[in-house]
Amino acid sequence: MSTTGWGNFWKDQRQSFYAVMKMATGYFVSKFDKLYPLQPTDELFDYGCGPGFVADSLAGKNVQLTGADINDFFISACRKKHPTARFLLITTDVAANKKILAEALNRKQFDYILLLSIIQYFKSANDLDEVIDMLRSYLKPTGKLIIADVLDDNTSSMKDAYSLLMHCIKKGRIGAFVGFISYLLFSDYRKISKENKLLLVSEPTIRAIATRLQLQCEKVNGLTLQKSRSNYILSHAPVK
Ligand SMILES: C[S@@+](CC[C@H](N)C(=O)[O-])C[C@H]1O[C@@H](n2cnc3c(N)ncnc32)[C@H](O)[C@@H]1O
């Protein structure tokens, strides 16, 4: 995987749109926990963990958590906030990440692997294929790989902004919404997104990747706050 403008952007991020990201991640975790009630024995790998909002949302659950991200500032913050969890600094290069994970995880397998709000920053669907190919060996035979908050041709920024606004109003967090919109309009994010379009990945593309890698694929609605995004659960095909 080559380093894109987005990879470079995220590596250097410090605050970005924290308030809204935290809210959206908390929403995802509550829906995810309803779909798959998490147990203290569950092992979860949050790939592209950012500042650790999944870990924050799961703090009371005693789930065994491993996170990985390309941003060393986020990883240091995660390590400080969650000293009992494990956080790995990775890169935008899959070949390098294969080595990092092989060394750090030593064939460990997880009940759940999350790719939450990260694949839109990949350069191409081929990068996603490579990442899933790498991660599937870390999935238990009964494990689930969740690809959530996926943008595709049906994604509408107006609809997403509306669902976000409604949630912020419901939670009395209108300031978070205003902060998010100002961030989108006035930060480097705007400049980067003009030069590097967010990656859209269609359902047939995700299904084709799953088929090639001998994984089952199920589309699941309603896991994320932004209603026009898609979510997929990949799992090992049963042995015949
Ligand atoms: C919008 S944030 C989402 C963070 C977290 N998953 C959440 O939902 O709270 C996107 C994250 O993806 C990470 N990221 C971007 N490109 C990546 C890549 N190629 N490999 C792994 N992580 C990446 C960024 O560093 C950032 O932390």
Side-chain angles (χ1 to χ4, degrees), residues 1-33 44-59 65-79 81-82 85 87-101 104 112-135 138 145-151 155 157 160 164 167 176 180 183-184 187-189 192-193 196-199 201 223-226 229 231:
M1 187 192 285
S2 48
T3 301
T4 65
W6 282 117
N8 287 330
F9 169 83
W10 277 112
K11 270 201 292 193
D12 295 333
Q13 275 309 288
R14 292 297 179 257
Q15 284 296 319
S16 41
F17 40 94
Y18 263 34
V20 156
M21 203 199 299
K22 190 173 173 101
M23 227 187 282
T25 305
Y27 181 94
F28 166 83
V29 170
S30 69
K31 296 289 171 189
F32 173 62
D33 190 31
L44 192 146
F45 185 18
D46 185 13
Y47 190 90
C49 62
F53 296 143
V54 168
D56 296 348
S57 305
L58 288 174
L65 193 127
T66 299
D69 203 281
I70 59 173
N71 179 315
D72 60 351
F73 176 79
F74 287 167
I75 290 297
S76 304
C78 287
R79 286 178 180 150
K81 268 193 296 181
H82 300 282
F87 292 96
L88 310 171
L89 182 61
I90 53 169
T91 72
T92 49
D93 179 63
V94 180
N97 291 342
K98 275 186 189 158
K99 286 191 192 146
I100 295 170
L101 297 192
Y112 301 103
I113 299 179
L114 295 183
L115 292 173
L116 171 61
S117 306
I118 88 159
I119 73 165
Q120 54 268 47
Y121 304 112
F122 288 1
K123 195 174 179 193
S124 70
N126 192 43
D127 293 349
L128 175 63
D129 187 309
E130 284 183 17
V131 169
I132 297 175
D133 192 13
M134 169 180 72
L135 292 177
Y138 295 99
L145 191 155
I146 295 101
I147 309 173
D149 210 29
V150 177
L151 280 70
T155 300
S157 32
D160 286 350
L164 205 54
H167 188 78
F180 176 59
Y183 179 83
L184 293 189
S187 72
D188 282 359
Y189 195 95
I192 293 282
S193 48
N196 305 267
K197 293 283 165 229
L198 292 169
L199 182 68
V201 188
L223 280 183
T224 49
L225 201 47
Q226 279 106 322
R229 312 268 175 108
N231 310 289

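We count ligands from 1, going down the list as the structure has it; atoms in each ligand are counted the same way. Nothing fancy with the numbering, it's 1 onward along the sequence.
- With hydrogens and angles left out, the side-chain atoms of Asn97 and Thr91 include a donor and acceptor closer than 3.5 Å.
- Applying the 4.0 Å criterion to heavy atoms of Leu116 picks out, from ligand 1, the atoms 3 (C), 5 (C), 6 (N), 8 (O).
- Those atoms of ligand 1 with a heavy atom of Phe122 less than 4.0 angstrom away are 18 (C), 19 (N).
- Counting heavy atoms under 4.0 Å from ligand 1, residue Phe74 touches it through the side chain alone.
- Ring planes of Phe53 and Tyr18: perpendicular class, angle over 60° (limits at 30 and 60°).
- Contacts between Gln13 and ligand 1 below 4.0 angstrom, taking non-hydrogen atoms only, are absent altogether.
- With hydrogens and angles left out, the side-chain atoms of Tyr121 and Asp127 include no donor and acceptor closer than 3.5 Å.
- Of the polar atoms of Asp69, at least one N or O is found under 3.5 Å from an N or O of ligand 1, judged by distance alone.
- Smallest separation of non-hydrogen atoms from Phe74 and Gln13: CE2-O, 3.9 Å.
- For ligand 1, the polar-atom distance check against Thr25 finds a nitrogen or oxygen pair separated by under 3.5 Å.
- For atom 10 (C) of ligand 1, the nearest non-hydrogen atom from the set Gly50, Ser117, Ala68, Ala148 comes from Ser117.
- The minimum heavy-atom distance between Leu115 and Leu128, with the atom names listed, is CD1-CD1, 4.3 Å.
- By the 30° and 60° cut-offs, the orientation of the rings of Phe28 relative to Phe32 is parallel.
- Scanning both residues, Cys78 and Gly50, for their nearest heavy atoms gives SG-O, 3.4 Å.
- Between Cys49 and ligand 1 there is a heavy-atom distance shorter than 4.0 Å.
- For the ligand labelled ligand 1, residue Val54 lies outside the 4.0 Å heavy-atom shell.
- Close approach of ligand 1 to Ile90 is summarised as follows: ligand atoms under 4.0 Å from at least one heavy atom of the residue are 21 (C).
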